[in-house]
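Report on one structure; see the data block that follows.
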Amino acid sequence: MNWDIFSLSGYASIALWLCMPLLWLLHLIMGRRGWLIHISLLLGLFAFVLGRMNSDGHVNRIQVDRSEQIEQQLARQELARQAATEARENEVAQIRFAEDGADDFLDAAGMDEADLKYMQSFVDGGTPEWKTEKRQRSADSIDDSLESQIGAKETGQAMQAKTLVESEPLEPILMSDSDKRLADRLDAANLMMIRVMIGLGMLFVVVDYLRRANNYDLAYWPLPLPSSWVDAITPRDPVTIRSPSPRRSLFEELRVLIQRGESFLYVTEDSEAASQATTTLCRLPWGRWPVEVLNVADFDGSMNDDFVFETLWYGRHSFVVNSLERAEPMLMRFMELMADRRTTRARVKQTVNIVWDVPTPPGEETRHRFAKMGSSTGFTLLICHKQPQENSSDQDCRSIP
């Protein structure tokens, strides 16, 4: 095999896309932790760039080496000339002069016009001597035109020569016909495999993202995707208890819920936490798609439970309830409305989260009933346990930056 059919960039592109399935396998072995599949996608893109460089700068320069065929053709012409000379030896006058060379025994004066043309085709590659002399005389003639006297032609010729030098193509790479065909096939196969690996890498990243979206420890970069897409791959538990060692503060958890396109009802008895949670959060970076978080207590009882439920159902706003006496009947009313929606198989487009951040969690029967209704309608209940007093130095679920 001729290893010159690819350049160094071509072999590097092959090595890069071969590393992609290895990174996928390591990603699965490590439990989908880290950024290996994202690195593999970057390797695929880099491999495509190197593959195009190899295709445009190396493979396209390969040309078939025809020097052997040219030599064979010249040898055949020489044999034909010798055969023609031998065939005329017996037909010309056997007269030799002292100034005649070895090949001057043919009497050109005794040949007819057809013989002269035939013999002349072997002189100077088929170009008659009188044409060569005429070209020489034309080249040696003196140009007395006005352009020549002022030097315009020399300037034009210099500019033309400079342009030709700058646009001169790269030197071709000569190979045999079989090697050129092999290089073309391998180049096309390499570019096709890179495209396939990039497509698989993108699919792998999307599926892995959806599988990790509902995993608290592995989720990353929240996006406002429909909850049905995420829940179809990794269903979410309708009732969960927040980890005693969370990844982020509770206020950041609320921000992440908004960035996921979801809404929440935050229940707390801490007035400071309620005031900090009553703000405007954005679903997209740079302040795009803002969502206002409202405190129910600011509306002096004019905001009933049905209005809060409908607003959460369509994701228009999120709410804060800073009183347990107000939150418990609201939760019961929510479950009644959820039961009605369950009979019609209605479900929210984006998950509604009820964050219960009070010392007294809902009872076991309430949680069991909520789990039944929430799994059908798309509501979840997140219970935050208060940390013991001796661990107050640690960050608990009530700490709001």
Side-chain angles (χ1 to χ4, degrees), residues 1-30 32 34-77 125 153-210 220-221 223 225 285-286:
M1 178 179 175
N2 187 357
W3 294 98
D4 292 334
I5 59 177
F6 272 12
S7 64
L8 183 60
S9 61
Y11 290 113
S13 67
I14 296 176
L16 288 179
W17 67 257
L18 285 177
C19 291
M20 294 179 66
L22 298 179
L23 294 178
W24 298 344
L25 181 61
L26 288 176
H27 178 76
L28 296 177
I29 293 176
M30 295 174 60
R32 304 197 306 275
W35 302 89
L36 293 179
I37 57 173
H38 306 86
I39 295 175
S40 68
L41 184 59
L42 292 178
L43 290 182
L45 297 175
F46 192 38
F48 181 77
V49 173
L50 293 178
R52 292 301 307 179
M53 291 173 56
N54 172 71
S55 178
D56 298 336
H58 186 83
V59 177
N60 289 346
R61 290 169 52 197
I62 297 177
Q63 297 182 7
V64 178
D65 186 4
R66 303 188 181 277
S67 59
E68 184 177 354
Q69 300 177 2
I70 294 174
E71 292 178 358
Q72 294 177 356
Q73 180 66 23
L74 293 176
R76 286 195 295 267
Q77 291 181 359
K153 287 191 174 182
E154 288 77 2
T155 305
Q157 292 174 358
M159 295 179 60
Q160 184 178 5
K162 182 178 179 181
T163 305
L164 291 176
V165 170
E166 291 178 353
S167 62
E168 183 178 358
L170 296 175
E171 183 179 357
I173 302 173
L174 300 178
M175 292 185 184
S176 63
D177 190 27
S178 59
D179 288 342
K180 175 175 172 53
R181 290 198 300 268
L182 178 62
D184 292 337
R185 289 198 299 267
L186 292 180
D187 179 54
N190 182 44
L191 293 177
M192 182 189 68
M193 283 302 303
I194 292 175
R195 294 188 182 97
V196 171
M197 297 302 288
I198 291 176
L200 292 177
M202 295 177 64
L203 180 62
F204 205 139
V205 169
V206 171
V207 174
D208 181 78
Y209 176 86
L210 295 177
Y220 66 95
W221 197 14
L223 294 174
L225 301 176
W286 303 294

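What's counted below: heavy atoms across the whole structure, side chains too, no hydrogens, waters or symmetry copies. What you see is a predicted model; the values in this text were computed from it and never measured. Starting from 1, each residue takes its place in the sequence as its number.
Here the rule is ring-ring contact (aromatic ring centres under 6.0 Å, His included) with H38, and of W221, Y220, F204, Y209 only Y220 fits it.
Panel note: side chain R52, backbone F48; no donor-acceptor pair is recorded below 3.5 Å. Put simply, the side chain of N54 never gets that close to the backbone of S9: no donor and acceptor are under 3.5 Å apart.
Going from atom CG of L23 over to atom CH2 of W35 covers 15.0 Å, rounded to the nearest 0.5 Å. One distance of note links CG of L28 with CH2 of W24; it measures 10.5 Å at 0.5 Å rounding. Atom CG of residue L25 and atom CE of residue M30 lie 11.5 Å apart, to the nearest 0.5 angstrom. Note that CG of D179 and CG of L186 are 10.5 Å apart. Values are rounded to the nearest 0.5 Å. Between atom CZ of residue F6 and atom CG of residue L182 there is a gap of 8.5 Å, rounded to the nearest 0.5 Å. Atom OG of S40 and atom CG of L200 lie 10.5 Å apart (nearest 0.5 Å).
A pairwise comparison of heavy atoms in L50 and S13 identifies CB-CB, 3.9 Å as the closest pair. Nearest heavy-atom pair across A183 and I62 is CB-CD1, 3.8 Å. The minimum heavy-atom distance linking I5 with H58 is given by the pair O-CD2, 3.4 Å. For the residue pair G201 and L41, the shortest heavy atom distance occurs at C-CD1, 4.1 Å. Across all non-hydrogen atoms, the minimal contact from I198 to G44 is CD1-O, 3.4 Å. Closest approach of C19 to L43, counting heavy atoms only: CB-CD1, 4.3 Å.
Residue L8 qualifies as open at atom CG: its count of foreign heavy atoms under 6.0 Å is 12 or below. Atom CE of M193 is surrounded by more than 12 heavy atoms from other residues, nucleotides or ligands within 6.0 Å.
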CA sep, side-chain torsions, deciding dist, call: W17, V196, side chain to side chain contact (heavy atoms under 4.5 Å, CB included): CA-CA 10 Å; W17 67 257; V196 171; over 6 Å; no
